[in-house]
Amino acid sequence: MELTANEIEKNLADVRARVAEACAKAGRDPKDVQILAVSKTKPMEDIRAAMSVGQHAFGENYVQEIDRKYAELGDQVEWHMIGHLQRNKVKYIIDKVRMIHSVDTIALAQQIEKEAEKHGVTMDVLLEVNIAEEATKWGFTAEEAPAAAKTIGAMPHIRVRGLMTSAPYTEDAETNRVHFRNLRLLAEKIRGENDPGVVMDTLSMGMTADYTVAVEEGATIVRVGTAIFGARNYAEK
Ligand SMILES: *Cc1c(COP(=O)(O)O)cnc(C)c1O
C-alpha cells in the first residue's frame with residue numbers, strides 16, 4: 001500500500017516537528033540533526049514527493065537500487081548507503097553516495113579505500129557498531145571500534161566521520177536510550193584519541209521506532225523510513 005504524495009509530505013512535516021521537539025527538550029539546535037529519509041523499496045514518486053517539500057538526503061540499502069535511482073536523479077539529492085555492503089559491490093556506489101554508514105569490517109574499508117583512490121575521491125564513512133551486542137547484527141563491537149577507527153582513519157581516501165548503530169527492535173523507545181547514550185560515549189572516547197583521518201562529528205542512530213530518543217541522546221543523523229513513506233513491501237523492490 002503506497003502512500004500518496006500528500007501523505008508523505010504530511011509525514012515528513014510530522015517527523016521534522018518531532019525532531020524539533022526532541023531538540024528543544026535536549027537543548028540542541030535542530031540544524032544539527034539531519035533527517036535521512038530511508039527510501040529503500042520505495043518508488044521514485046515517493047522520493048520526488050519528499051523532495052517537493054525540501055527533503056534532500058535519502059538512505060538506501062541495496063546497491064542495485066541506488067544504481068537505478070541515481071540514474072534518474074543523480075546528485076540532485078544526497079544518497080547515503082546504510083545497508084550491509086559487500087566488498088565486490090563497492091565499485092558500483094563509490095562515485096554515487098555521499099556517505100557509507102555501514103562499514104563493519106577492516107576488509108570492507110580497504111576495498112572502499114581502493115575504489116576511492118581509483119575515482120580520486122575521499123569517502124566519508126561511519127563505523128557500524130553493534131552497540132547492544134545482538135547476535136544477529138553486523139558491526140564492530142564497542143571494544144573493537146577504537147582500533148578500527150584508527151586503522152581506517154589512516155587510509156588516505158577515507159574520512160571516518162563517526163559511528164552508526166541500529167538499536168534493537170523495540171515497541172518502547174526508552175529501552176534503547178542506554179544504547180544511544182553508549183554510542184555517543186564511545187564516539188567521544190574515540191574523538192579524544194585524535195587519530196588522523198578520524199573526525200567523529202557524526203552519530204547516525206534512531207529509526208522510526210526510536211528516533212526522538214536518539215535525538216535526545218545526541219544523534220546527528222536519524223534514519224527514518226516507515227514514518228515518512230509507510231510500511232515497506234519487500235516483494236516489490
Ligand atoms: C530500513 C532501515 C532504516 C529505516 O527503518 P524504519 O524503521 O522504517 O524507519 C534505518 N536504518 C537502517 C540501517 C535500515 O536498514
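Atoms within each ligand, like the ligands themselves, are counted from 1 in listed order.
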For [X], the ligand 1 atoms whose distance to one of its heavy atoms is below 4.0 Å:
X: G225; value: 4 (C), 6 (P), 8 (O), 9 (O)
X: N61; value: 14 (C), 15 (O)
X: V224; value: 9 (O)
X: S166; value: 13 (C)

Open item on the list: Is A209 close enough to touch ligand 1? Criterion: a residue heavy atom under 4.0 Å from a ligand atom.
Closed with: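 Contact check A209 vs ligand 1: negative.
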
TODO: Give the single entry among H101, R223, K40 that approaches atom 14 (C) of ligand 1 most closely by any heavy atom.
DONE: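 Nearest heavy atom to atom 14 (C) of ligand 1 lies in K40.
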
Measure the distance from [atom] to every protein heavy atom, then report the residue, atom name and distance (to 0.1 Å) of the closest one.
atom: atom 12 (C) of ligand 1; answer: I82 CD1, 3.5 Å
atom: atom 6 (P) of ligand 1; answer: T208 OG1, 3.4 Å
atom: atom 10 (C) of ligand 1; answer: M207 SD, 3.3 Å
atom: atom 8 (O) of ligand 1; answer: T226 OG1, 2.5 Å

TODO: Could you list all the salt bridge (Lys or Arg N to Asp or Glu O under 4.0 Å) pairs where at least one residue sits in residues 174-194, not counting sequence neighbours?
DONE: E174-R177, R177-E216, R177-E217, R181-E217, R184-E188, R184-E217

Open item on the list: Between Y62 and D67, do the side chains contain a donor N or O and an acceptor N or O under 3.5 Å apart?
Closed with: no

Open item on the list: Distance alone, cut at 3.5 Å: any donor-acceptor contact between the side chains of S166 and R223?
Closed with: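 Present: a donor and an acceptor within the cut-off.
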
TODO: Identify, with sequence neighbours excluded, every residue that meets ring pair (Phe, Tyr, Trp, His ring centres under 6.0 Å) alongside H56.
DONE: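 Partners of H56 by the ring pair (Phe, Tyr, Trp, His ring centres under 6.0 Å) criterion come out as none, since no residue qualifies.
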
Heavy-atom donor-acceptor pair, [X] side chain to [Y] backbone, under 3.5 Å:
X: N176; Y: A173; result: no
X: E115; Y: I94; result: no
X: E65; Y: T41; result: yes

